[in-house]
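Order of the sequence lines fixes the chain letters, A, B, ..., with proteins taken first and strands second; residue numbering starts at 1 for each chain.
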2 protein chains.
Amino acid sequence: MSLLIAIRGWSPDQWVERFSKAAHPRPVFDARAAFDPAAIRYAAVWKPEPGLLARLPNLRAIFNLGAGVDALIGDPTLPDVPLCRIVNADLTARMTEYVVLQCLMYLRQVEPYRRLQSERRWQPIDQPAATDVRVGIMGMGVLGQDAAEVLVRLGFRVAGWSRSPKAVAGVETFAGEEGLAPFLARTDILVVLLPLTPETRGILNRDLFRRLARDGVLGGPFLVNAGRGGLQVEADILAALDDGTLKAASLDVFETEPLPASSPLWAHPGVIITPHVAADSTPEALVEGILANIALHEREGRLNDVVDRRTGY
Amino acid sequence: MSLLIAIRGWSPDQWVERFSKAAHPRPVFDARAAFDPAAIRYAAVWKPEPGLLARLPNLRAIFNLGAGVDALIGDPTLPDVPLCRIVNADLTARMTEYVVLQCLMYLRQVEPYRRLQSERRWQPIDQPAATDVRVGIMGMGVLGQDAAEVLVRLGFRVAGWSRSPKAVAGVETFAGEEGLAPFLARTDILVVLLPLTPETRGILNRDLFRRLARDGVLGGPFLVNAGRGGLQVEADILAALDDGTLKAASLDVFETEPLPASSPLWAHPGVIITPHVAADSTPEALVEGILANIALHEREGRLNDVVDRRTGY
């Protein structure tokens with residue numbers, strides 16, 4: 001094999017260094033420098049320059065360095081070779097941390113207590129039990145199922161919604177268009193881990209927010225989006241927060257990233273912003289997995305975690 | 001049986017109502033009203049008036065409505081009958097929520113991201129994995145063990161310290177005076193769930209803070225005290241935060257409660273304050289358990305969750 005590293009938006013240096021060390025003595029090329037396109041068999045990429053992959057005549061597989069492949073699939077020049085996404089215990093653990101943290105912050109009323117502290121006021125607030133709080137997870141793949149498992153352990157009432165039916169221990173599951181309304185109607189904290197596809201683009205809009213539970217013991221509903229920015233309509237989130245259709249939102253992803261400094265989301269008191277770091281990938285955790293997948297392909301002609309381009313995940 | 005409810009500091013009304021309903025047709029008396037001291041067999045109490053219990057000649061057992069019994073044991077007039085504390089799945093779940101929330105807030109750098117948000121700055125911060133963060137739990141009873149289990153599931157490196165040796169799956173355990181130094185030296189986030197006893201009073205002091213790990217990947221150490229306020233020396237916490245011996249502290253309990261408005265803890269940027277609500281008891285969750293314990297005593301002459309007055313827990 002010879003491997004091309006094509007990364008934009010992040011610093012490629014540590015990735016190139018780590019891939020080079022782990023793949024040694026096989027060659028690893030940096031897309032920023034000169035290389036022979038015909039020599040490349042595999043490419044590990046993050047938001048590569050459109051058209052770059054089409055210029056590699058002997059490319060056998062593409063490895064995306066994050067969980068979401070929407071940007072790649074949206075490139076009409078993407079060559080017709082297997083596209084693999086990252087399914088990795090470290091990434092899964094980090095996403096679960098983020099989701100559990102947001103749910104606990106809403107359950108345990110971190111913001112109201114912070115305000116009381118700033119006023120030097122000792123005032124216990126009625127504390128519902130987790131067993132009375134309904135979390136609904138949209139997207140029940142590896143990430144959704146792992147987060148659900150910890151939320152169930154903590155006592156939350158967890159439901160999951162996915163395109164096709166899934167069975168998950170301790171989780172009430174809903175599927176498809178007909179499952180969406182009852183799923184939303186029983187959800188106080190909506191956690192979104194969907195892939196971005198033509199069907200899911202803009203799904204987090206005013207109409208959907210209106211269908212969430214309005215009788216929650218925490219006075220929600222709350223939105224947690226750690227999927228993709230393209231899932232959400234930010235103008236609708238702001239309007240829903242302002243008129244009480246949503247109580248608060250934790251957003252790790254945005255329509256435009258970096259989120260422009262002019263966005264009113266930054267200063268909205270109901271919004272918790274993180275800069276697309278919910279499940280940040282690190283070279284340590286991912287390089288070995290990709291090289292193992294390449295070795296599997298060379299040895300047996302098959303690959304793990306191949307994306308279905310029809311569904312987009 | 002006839003049961004006396006003696007509660008100060010909280011509103012007794014919902015407790016009296018719920019005990020009356022659940023114990024019906026047996027009599028339940030409110031200590032604020034008139035009652036015949038000789039008729040009382042059992043007492044459910046929270047910070048009762050000192051001397052009150054000594055005036056009940058036929059008292060058979062006392063049930064404390066919270067986890068900590070230090071205030072009762074400190075009353076020299078406390079009659080020599082079994083004293084039971086609350087060991088309850090709801091209380092345990094709430095404490096685990098609080099502990100996991102604080103650990104995740106430090107791991108996922110909630111405060112630094114909040115500051116960046118207030119400045120409208122999109123700036124990812126290096127994110128260590130939970131597997132590189134060492135949580136140390138002082139007090140490995142029911143509460144400590146339950147919190148440890150969830151922290152282990154999330155990937156944290158968890159150790160426990162207790163007076164007597166304990167074996168807990170996935171947790172490195174230390175015990176006694178000789179185990180304290182190595183336990184502290186490997187701890188980035190110190191979680192304190194100790195009972196308040198003559199040996200533990202003031203244990204959270206400058207000397208102990210100096211022995212915590214100084215090489216943590218999060219730049220800690222961090223203190224989380226959800227045990228008892230009497231465990232901590234607040235002047236030492238403030239000094240340690242100011243000179244960097246501690247990076248931050250989550251405090252649910254205080255030397256004086258309510259925490260006086262004049263305390264500098266309220267406004268310290270490194271302190272997260274909650275008003276002794278980490279594992280708030282509710283009548284719903286506790287009444288049935290106490291009545292079941294009384295029934296056990298009447299039927300078989302024994303009681304669950306009796307406090308050892310020598311150790312104080």
Region of B:Pro128 that comes under 4.5 Å of a non-hydrogen atom in chain A: backbone
Tell me, do A:Leu101 and B:Leu101 make a side-chain contact under 4.5 Å, heavy atoms counted? yes
Which bit of A:Leu265 comes within less than 4.5 Å of chain B, counting heavy atoms only: side chain, backbone, both or neither? backbone
Is it the backbone or the side chain of A:Phe156 that comes under 4.5 Å from a heavy atom of chain B, or both, or neither? neither
Start with the C-alpha distance between B:Val100 and A:Leu104, add both sets of side-chain angles, then the distance that settles side-chain contact (heavy atoms from CB on, under 4.5 Å), and finish with yes or no. CA-CA 8 Å; B:Val100 170; A:Leu104 284 177; 3.7 Å; yes
Return the option, out of A:Pro124, A:Cys103, A:Pro258, with the maximum number of heavy-atom pairs under 4.5 Å with chain B. A:Pro258
In the structure I gave you, are the side-chain heavy atoms of A:Leu154 and B:Val150 within less than 4.5 Å of one another anywhere? yes
Which residue out of B:Ala93, B:Ala89, B:Ala278 racks up the most heavy-atom pairs below 4.5 Å with chain A? B:Ala278
Between chain B and chain A, identify all donor-acceptor pairs below 3.5 angstrom, including backbone and side-chain atoms.
residue, atom, partner, partner atom, Å
B:Arg94, O, A:Arg108, NH1, 2.9
B:Arg94, NH1, A:Gln127, O, 2.9
B:Arg94, NH2, A:Gln127, O, 3.4
B:Glu97, OE1, A:Arg108, NH1, 2.9
B:Arg108, NH1, A:Arg94, O, 2.9
B:Arg108, NH1, A:Glu97, OE1, 3.0
B:Arg108, NH1, A:Ala278, O, 3.2
B:Arg108, NH2, A:Val277, O, 3.0
B:Arg108, NH2, A:Ala278, O, 2.8
B:Glu111, OE2, A:Arg114, NH1, 3.0
B:Glu111, OE2, A:Arg114, NH2, 2.6
B:Arg114, NH1, A:Glu111, OE2, 3.0
B:Arg114, NH2, A:Glu111, OE2, 2.6
B:Gln117, OE1, A:Ile273, N, 2.8
B:Gln117, NE2, A:Trp266, O, 3.0
B:Gln117, NE2, A:Val271, O, 2.8
B:Arg120, NH1, A:Ala261, O, 2.5
B:Arg120, NH1, A:Ser263, O, 3.1
B:Gln127, O, A:Arg94, NH1, 2.9
B:Gln127, O, A:Arg94, NH2, 3.4
B:Asp146, OD1, A:Arg153, NH2, 2.8
B:Glu149, OE2, A:Arg153, NE, 3.0
B:Glu149, OE2, A:Arg153, NH2, 3.1
B:Arg153, NE, A:Glu149, OE2, 2.9
B:Arg153, NH2, A:Asp146, OD1, 2.8
B:Arg153, NH2, A:Glu149, OE2, 3.1
B:Ala261, O, A:Arg120, NH1, 2.5
B:Ser263, O, A:Arg120, NH1, 3.1
B:Trp266, O, A:Gln117, NE2, 3.0
B:Val271, O, A:Gln117, NE2, 2.8
B:Ile273, N, A:Gln117, OE1, 2.9
B:Val277, O, A:Arg108, NH2, 3.0
B:Ala278, O, A:Arg108, NH1, 3.3
B:Ala278, O, A:Arg108, NH2, 2.8

